Amino acid sequence: MSPVRVRFAPSPTGFFHIGSARTALFNWLYARHTGGTFILRIEDTDQARDSEKFLRLIYDSLTWMGMDWDEGPNANGVGERGDYGPYRQSQRAEVYQRYLARLRNAGRAYEKDGAIWFKQLGDRYTVFDDHRKKEVEKVKSDLVVIEDQIRGRVERAEDEDFVIVRSDGNPVFHFVNVVDDIEMKVTHIIRGEDHLSNTSKHVRLYEGFGVTPPAFAHIPLILKSPEMGQGKMSKRDQGALVEEYQRRHFLPEALVNYLALLGWNPGEDREKMPIAEIVRRFDLPAVNQSNAKFDSKKLAHMNMVYLLEQPADRFLALAKDYFAQQPNGASVMADESYFAEIMSLAQPKIKSVEELGAYTNYFFTEEFPIDDKVKAKVMGKGEPKARLAELMATLPAMDFASDASIEAAIKSLADGKALGFGDYQGVARLALTGTNAGPSITSIFRVLGRDRTLARLQRFAAVA
RNA sequence: GCCCCUAUCGUCUAGCGGCUAGGACAGCGGCUUCUCAAGCCGUUAACCGGGGUUCGAUUCCCCGUGGGGGCACCA
C-alpha cells in the first residue's frame with residue numbers, strides 16, 4: 001500500500017472555525033498515526049472573498065495547536081516546501097489548463113453561456129426543478145458509488161452537468177479540488193460531512209480524468225450546543241473561532257484533546273490523553289457517524305485539568321503572556337519574584353488563565369473592591385471586630401517566616417480565647433482581599449508581609 | 001420539494017443479539033477543609049416510535065418521526 005498522503009485545504013475567506021480546526025486535526029492525526037504526509041493547500045480561488053490576513057490566521061492557528069504540515073506554504077508566509085507545489089490554488093492556473101484540456105480531449109467538457117461545463121454521460125431529458133424553479137436537463141446514468149471509510153457504501157445519483165470554469169475564467173471548487181488531489185497524490189480525503197453530497201461530482205470528475213478516486217472519509221459535523229440553538233456551528237456563534245481560545249489563553253493541548261474527542265472515541269474510557277497517545281490510538285474506522293454538539297463546559301474542564309498539571313515554569317510563562325496583554329500588566333509583573341510567588345499560589349486554584357487578573361488583583365493594589373455580600377455575611381456572624389482587634393494586637397510579634405509559623409501564631413491566639421482558626425480567617429481574608437475566595441490566609445499574610453497586612457487590617461477596622 | 005447522512009442519559013460517548021445499559025462533562029448530595037476552588041465518595045438521568053427477523057433485540061432489516069447536510073458561474 002502506498003504511503004498515506006492527506007491534506008487540509010482551507011480557503012482563506014473568514015476566521016478559522018473550530019470545525020475547520022477539527023477537520024485539520026483528524027487529517028493531521030491520521031498522517032501522524034500512519035507515518036504519512038500532511039499537506040496544507042490553500043484554496044484561494046474565490047478572489048472576491050479571499051484575504052491575506054486570513055492566510056496568516058490559518059498558519060498561526062494550526063501552529064498554535066501543534067499541527068505541523070509537511071508540505072505547503074511556510075508558516076512565516078515566505079515560500080513553501082514540498083514536491084507538488086505550488087500549494088496555493090491561485091498560483092496553479094497552468095495545472096488547471098492542462099487538466100481542462102484533458103477533459104476536452106476526452107469529450108467531457110463543453111462551453112455554454114461563457115462558462116465551461118462538465119458533461120455527464122447518458123441519455124438526456126428535461127424536468128422542472130421545484131427548488132430552482134426552472135427547467136433543468138438531466139442525464140440517465142448509473143448511481144455513483146462511494147466507499148466511505150467512515151460511513152460505508154453510499155450511493156448517490158449525479159445526473160446533471162455542472163460548471164467547472166466560470167465565465168470570468170476562474171475554475172470552481174469541485175474541479176480544482178479534484179485536480180489538486182490527483183496532482184498532489186492525495187490518498188485519503190478526510191473532510192466534513194457537508195461535502196458528502198459533493199463527492200458524487202468529484203467521483204465523476206475522477207472518472208473523467210481516468211483516475212481511480214482516493215479513499216474518502218466524511219467526518220461528522222460540529223453542531224451548536226443546545227443553549228446556542230439549532231444547526232451547524234457557524235462563525236457567529238460564541239466559541240466558534242480558534243483565535244478566541246488563543247486570545248483567552250486556553251492551553252492548545254486541552255483544545256486539541258477536546259476536539260479529538262468530538263466524533264472520535266479511543267476506547268477504554270480514555271479521555272484526557274497526551275497527544276502522542278491520541279496519535280497512536282487514532283484511526284478512521286473509530287470515527288463516529290453522527291454529528292456532535294459542542295460543549296464549552298467540557299472544554300473548560302479539560303482546560304482546567306491541563307492547567308493544574310502544568311509545571312510551575314510553564315504556568316508562569318502562561319501567566320506572563322496573559323498579564324502582558326492586560327492594561328496594568330507591566331506594573332503587576334514589575335517585581336519578578338513577587339509575581340512568581342503569587343502565580344504559584346494561584347495555579348492550583350483557578351480554572352483558566354483568564355481568571356488570573358481578578359483572582360490576584362489585591363496582591364498588586366490597595367484599591368481592591370470589597371464584596372458587599374461577603375462582607376454582610378462575614379460581619380454578621382460572631383464578633384469579627386473583636387477578632388480583628390486581637391489579630392492586630394498580635395501581628396507586631398508574629399513570626400512571618402513561613403505559613404506554618406503564621407498558622408501556629410493564629411492558632412495559639414485562638415486557643416487562648418477558646419476559639420478556632422476559622423474565627424479569624426474569614427474576617428482577615430475580607431480585610432486583606434475583599435472577598436471570600438483565594439489562597440490560604442497564611443500565604444496571604446506571608447506574601448503581603450507584616451506591614452501591609454497590618455495596614456490593611458487597620459484600614460478595614462476603621463470603616464467596618 | 002428532491003437527494004444524502006444520522007438517531008443510547010441535558011451534552012460527549014461505550015455497547016458491535018442475551019449487560020444490574022458503562023465512562024466523562026454538567027446537575028444534585030455528602031466528605032475533606034482556614035475561605036473559595038480542586039480532590040474524594042455517592043446520586044439523578046438514556047436505548048425516538050411502529051413493524052419485521054430471531055428462542056431472544058439498544059444491537060440486524062423496513063417504514064415513520066426527529067436531527068444534520070446538500071441541491072450555485074460559494075468553498
Side-chain angles (χ1 to χ4, degrees), chain A residues 9-14 43-46 48-50 89 112-117 127 129-133 136 146 148 150-152 154-160 162-174 176-177 192-201 218 220-221 223 225-227 230-232 258 261-272 288-302 304-305 308 346 348-351 355 359 374 378 407 410-411 414 420-430 433 435-444:
Chain A
S11 59
T13 56
E43 306 217 334
D44 53 352
T45 54
D46 186 2
R49 287 164 62 190
D50 293 334
Q89 290 185 333
K112 190 177 87 179
D113 304 332
I116 299 170
W117 297 66
V127 66
D129 185 300
D130 278 345
H131 184 72
R132 284 173 284 182
K133 312 281 185 231
V136 295
I146 301 154
D148 193 278
I150 293 169
R151 284 155 212 288
V154 177
E155 292 181 347
R156 193 170 180 282
E158 190 57 51
D159 55 2
E160 268 179 54
F162 57 89
V163 170
I164 52 177
V165 180
R166 291 190 278 258
S167 50
D168 65 4
N170 283 314
V172 307
F173 162 74
H174 305 297
V176 295
N177 192 267
E193 194 213 296
D194 47 344
H195 285 293
L196 188 52
S197 299
N198 292 327
T199 304
S200 48
K201 278 191 179 68
H218 287 93
L221 266 24
L223 270 29
S225 62
E227 35 314 345
Q230 298 257 293
K232 192 166 69 154
Y258 173 73
L261 259 20
L262 223 45
W264 170 72
N265 187 280
E268 297 175 39
D269 290 333
R270 293 285 289 155
E271 294 212 330
K272 181 180 170 294
N288 288 114
Q289 303 178 25
S290 55
N291 296 338
K293 294 194 174 75
F294 190 81
D295 184 355
S296 56
K297 287 219 178 92
K298 189 151 185 173
L299 204 209
H301 178 262
M302 187 68 82
M304 180 199 73
V305 173
L308 280 172
K349 311 281 275 183
I350 60 168
K351 291 179 153 175
E355 290 176 8
Y359 194 80
V374 174
V378 171
E407 185 175 348
I410 297 176
K411 278 213 169 116
F421 188 95
D423 291 301
Y424 294 92
Q425 182 277 136
V427 68
R429 180 180 300 280
L430 178 64
T433 74
T435 82
N436 64 341
S440 112
I441 191 68
T442 55
S443 297
I444 296 172

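Values reported hereafter were calculated over all heavy atoms of this structure, with side chains retained and with hydrogens, waters and symmetry mates removed. First the proteins, then the strands, lettered A, B, ... as listed; each starts at 1. These figures come from a predicted structure and were not determined experimentally.
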**Message:** Distance check, P atoms only: rA45(B) and rG22(B), in whole angstrom units.
**Reply:** 12 Å
**Message:** Do the side chains of D295(A) and K298(A) get close enough for a salt bridge, i.e. N-O under 4.0 angstrom?
**Reply:** no
**Message:** Heavy atoms from C-beta onward define the side chain here; which of rG10(B), rC34(B), rA38(B) lies closest to that of T442(A)?
**Reply:** rC34(B)
**Request:** Decide yes or no, distance alone: a donor-acceptor N/O pair under 3.5 angstrom between the base of rC34(B) and the side-chain of S440(A).
**Result:** yes
**Message:** So, applying side chain to side chain donor-acceptor pair (under 3.5 Å) with N177(A), which one of E43(A), H195(A), Q89(A) is it?
**Reply:** E43(A)
**Message:** Side chain of K232(A) only, heavy atoms from C-beta on: which candidate in rC71(B), rC36(B), rG69(B) is closest?
**Reply:** rG69(B)
**Asked** Given atom NE2 of H174(A) and atom P of rG70(B), what is their separation to the nearest angstrom?
**Response** 12 Å
**Prompt:** With a non-hydrogen cut-off below 4.0 angstrom, is E407(A) in contact with a base, only sugar-phosphate, or nothing?
**Reply:** nothing
**Request:** Would you mind classifying the nucleic acid contact of Q289(A) as base, sugar-phosphate or nothing, using non-hydrogen atoms under 4.0 angstrom?
**Result:** sugar-phosphate
**Message:** Between rC73(B) and S167(A), counting only base atoms on the nucleotide and side-chain atoms on the residue, is there a donor-acceptor pair under 3.5 Å?
**Reply:** yes
**Message:** Which is more 5' along RNA chain B, the nucleotide nearest K411(A) or the one nearest L262(A)? Just name the residue.
**Reply:** L262(A)
**Message:** Strictly below 4.0 Å: does R166(A) bring a side-chain N or O up to OP1 or OP2 of rA75(B)?
**Reply:** yes
**Request:** May I ask you to decide if N170(A)'s main-chain N or O and D168(A)'s side chain share a donor-acceptor pair within less than 3.5 Å?
**Result:** yes
**Asked** Do the side chain of N177(A) and the base of rA75(B) come within less than 3.5 angstrom through a donor-acceptor pair of N or O atoms?
**Response** no
**Message:** Between R429(A) and H195(A), which residue's closest nucleotide on RNA chain B lies nearer the 5′ terminus?
**Reply:** R429(A)
**Message:** As a test of reading the structure: which of rC34(B), rU35(B), rG22(B) is closest to the side chain of I441(A), going by heavy atoms?
**Reply:** rC34(B)
**Item:** Proximity to the side chain of N436(A) - top-ranked nucleotide from rA72(B), rG39(B), rC36(B)
**Value:** rC36(B)
**Quiz item: K349(A) side-chain donor-acceptor pair to rU35(B) base, under 3.5 Å** = yes
**Prompt:** According to a strict under-4.0 Å criterion, is N288(A) in side-chain N/O contact with OP1 or OP2 of rA14(B)?
**Reply:** yes
**Request:** Compare side-chain N and O positions of R270(A) against OP1 and OP2 of rG23(B) and report whether any pair is under 4.0 Å apart.
**Result:** no
**Among rG67(B), rA24(B), rG70(B), the one nearest L223(A) by side-chain distance** = rG67(B)
**Request:** Ignoring the backbone of A437(A), work out which of rG10(B), rC34(B), rC36(B) is nearest its side chain.
**Result:** rC36(B)
**For K411(A), side-chain hydrogen bond (donor to acceptor under 3.5 Å, both in side chains) partners two or more places apart** = E407(A)
**Message:** Side chain of V154(A) only, heavy atoms from C-beta on: which candidate in rA38(B), rU6(B), rC5(B) is closest?
**Reply:** rC5(B)
**Asked** Closest to the L196(A) side chain: rA38(B), rC5(B), rG23(B)?
**Response** rC5(B)
**Request:** Considering just the side-chain nitrogens and oxygens of Q425(A), establish if one lies under 4.0 Å of OP1 or OP2 belonging to rU35(B).
**Result:** no
**No-H, no-angle donor-acceptor pair, Q230(A) side chain to rG68(B) base, under 3.5 Å** = no
**Request:** Check whether any side-chain N or O of K351(A) sits under 4.0 Å from OP1 or OP2 of rA38(B), and answer yes or no.
**Result:** yes
**Fill in**
From the candidates rC34(B), rA72(B), rC25(B), the one with an atom nearest any side-chain atom of D295(A) is rC25(B)
**Message:** So if I take every side-chain heavy atom of D194(A) and compare against rA72(B), rG69(B), rA14(B), which nucleotide ends up nearest?
**Reply:** rG69(B)
